[in-house]
Amino acid sequence: MDLIFENLTFLLKGAYYTLLITVVSMFFGFIIGVIVALARLKGNRLIRGLARIYVSIIRGTPALVQIIIVYYGLVDYGITLGPLTAAYVALSINIGAYLSETFRGAIQSIPKGQTEAAYATGMTPWQTMRRIIFPQAARVAIPPMGNTFIGMLKETSLVSVITVTELLRSAQLLVAQYYVYMPFYLSIAVMYWIMSTVFSSILNYVEKRLSKAY
Amino acid sequence: MAIIKTFELSKHFNNLEVLKHIDIQVDQNEIVVLLGPSGSGKSTFLRCLNGLEDITGGSFEVNGIHVDAKLPARQRKALIREIRQHTGMVFQQFNLYPHKTALGNVIEGLLTVKKMRKDEAVHIGERLLDRVGLSDKKDTYPSRLSGGQQQRVAIARALAMDPAIMLFDEPTSALDPELVGEVLSVMRELAQDGMTMLVVTHEMKFAREVASKVVFMADGVVVEEGSPQAFFDHPQTERAKKFLRQITEH
């Protein structure tokens, strides 16, 4: 126990990186997700095809492999990314694919009559998306998006293999220093759990707020 | 003066011909009621007039804007958008925006399409809700309104764009029987105020009492048209006689 308290700031720093990577990847993944979802729904054949291939590749390969390709593989082509940047890039691309599927489903779940009603008053397709479809689709998308977010939080542990000192790797470093395993690994498990729980309750709150709106 | 005029308007889905060379005219201040058995193409015809369906042959004119099936898609789209700003449409399923209040539904088009200032739009919206008898519901979301109230909000929403003509696509067909009356009476008032209307409906009493002209369609063609008295009391064609027999039998 003393060992943990002595190294708590080190572990907390790891937790900070875990959170940072989660939030940054979620942010860019969100943007990618919206763009890809729209590409699949509204794009011409070429754009739809490209978007579909992207989603298929990302969902069909392990995130760990994607991370390693971005960090080690791209070096062959002269692209050297820092570990943290590589983590952001790989995880954003990864999460973007999953979120695009969530968003696509949410947009498709809005009845066609909504679009027709908006068109009938003279609204443009983009105005209709922004003012009528998105606000309704957001409500549908938020619960699955929350699950993705919590999944992401845990998946960040994968980037320990490319030497990003997030929570898992900070524990591994401490293990290497003190030669005891359980206290460090257990304590990061607890920290992951606390972070997930806090996120879940925030999400529950948001969901409740939204369901009250109409 | 004709607000709507169609010239051999045709429409097919793949190989299925839904509308065959339709020629119809709706003059200013006229109430034209489209009758016919289901599947006769009435709703499709209505939806062609504001571009919710693409026409595949012929042409039509709404408020002086001429759309021809032969025009390139891009050009047709621009004309259709123009037309939509001069037509109001009321749907069978209301299609109110569930995330907006009654007032929010009415002023949405004013804010986004007409780029009106919010206070101006609210002023118009409140007046229109009052006109359909719902000023006390302006801050209510559609999920809290009855079907009849929702449809009246939808009528106010269509009126907000100050349309030259109102298109009604079976506005009472999704309503419980006891709620039909309130929607029809709003429509009667509109008619009295001189609104030009093209109405697809199964409400025969409304057609008989309010219509200036009845158009009877079956299998994608106009079978008969004339004054409601002529149509209901002295139908000319066998098809129309059969239709009238069927609806009066029960």
Side-chain angles (χ1 to χ4, degrees), chain A residues 30 34 37-39 41-48 102-146 203-214, chain B residues 43 46-47 49-53 77-102 104-115 139-145 150 153-154 156-163 165-169 174:
Chain A
F30 181 89
V34 172
L38 286 179
L41 291 170
K42 301 275 167 190
N44 59 31
R45 262 176 73 167
L46 177 72
I47 289 174
R48 280 206 313 269
T102 304
F103 297 155
R104 191 169 68 103
I107 290 171
Q108 279 178 327
S109 75
I110 307 306
K112 214 167 145 251
Q114 291 291 307
T115 306
E116 291 186 348
Y119 283 179
T121 57
M123 284 166 82
T124 64
W126 172 239
Q127 285 172 334
T128 303
M129 262 300 160
R130 197 166 49 85
R131 303 273 307 180
I132 307 302
I133 306 300
F134 280 163
Q136 295 183 59
R139 234 171 77 134
V140 180
I142 276 175
M145 207 170 89
L203 278 166
N204 277 337
Y205 174 74
V206 172
E207 262 174 60
K208 269 208 191 101
R209 278 290 300 271
L210 277 173
S211 64
K212 252 188 236 156
Y214 58 87
Chain B
S43 286
L46 205 66
R47 291 163 57 86
L49 296 176
N50 71 348
L52 290 181
E53 303 284 354
K77 252 185 200 158
L79 292 171
I80 288 287
R81 183 151 318 132
E82 185 73 24
I83 283 179
R84 284 171 177 166
Q85 296 187 26
H86 302 287
T87 53
M89 183 152 194
V90 176
F91 299 86
Q92 183 177 355
Q93 301 294 339
F94 328 134
N95 296 344
L96 289 184
Y97 312 131
H99 60 301
K100 295 190 180 290
T101 61
N105 267 276
V106 177
I107 66 173
E108 180 62 30
L110 295 175
L111 298 176
T112 52
V113 179
K114 295 206 167 168
K115 311 272 185 231
D139 296 321
T140 309
Y141 285 93
S143 60
R144 308 247 160 187
L145 296 172
Q150 288 191 53
V153 173
R157 175 175 69 178
L159 288 173
M161 303 307 286
D162 195 18
I165 181 164
M166 288 280 282
L167 308 172
F168 290 86
D169 186 7

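Throughout, a chain's letter reflects where its sequence line sits, starting with A, and its residues are numbered from 1.
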Checklist entry - Which atoms form the tightest heavy-atom contact between A:T121 and B:V113, and what is the distance? => result O-CG2, 3.6 Å

Checklist entry - Between A:A117 and B:R157, which heavy-atom pair has the shortest distance, and what is it? => result CB-NH2, 3.5 Å

Item to check | A:P125: partners by side chain to side chain contact (heavy atoms under 4.5 Å, CB included), with sequence neighbours left out | outcome: A:Y119, B:R81

Item to check | Atom NZ of B:K77 with >12 non-hydrogen neighbours under 6.0 angstrom | outcome: no

Checklist entry - Tell me, side chain or backbone of B:R144 under 4.5 Å from chain A's heavy atoms, or both, or neither? => result neither

Checklist outcome for this item: Between A:Q114 and B:L96, the two heavy atoms sitting closest are NE2-O, 2.8 Å

Item to check | Exam field: side chain A:Q127 to backbone B:T112, donor-acceptor pair closer than 3.5 Å | outcome: yes

Item to check | Interface moiety of B:F91 toward chain A, non-hydrogen atoms closer than 4.5 Å | outcome: side chain

Checklist entry - With a 4.5 angstrom heavy-atom cut-off, which part of B:K100 approaches chain A: side chain, backbone, both or neither? => result side chain

Checklist entry - With a 4.5 angstrom heavy-atom cut-off, which part of B:E108 approaches chain A: side chain, backbone, both or neither? => result side chain

Checklist entry - Which value, rounded to the nearest 0.5 Å, describes the distance between A:T128 atom OG1 and B:Y97 atom OH? => result 7.0 Å

Checklist entry - How long is the span from the CD atom in A:E116 to the CD atom in B:E53, to the nearest 0.5 Å? => result 7.5 Å

Checklist entry - For B:N50, which residues count as a side chain to side chain donor-acceptor pair (under 3.5 Å) partner, sequence neighbours excluded? => result none

Next on the checklist: Looking at every non-hydrogen atom in both residues, tell me the closest pair between A:R131 and B:H99 and how far apart they are.
Outcome noted: O-NE2, 3.0 Å

Checklist outcome for this item: For A:Q136 and B:P98 the tightest heavy-atom approach is OE1-CG, 3.1 Å

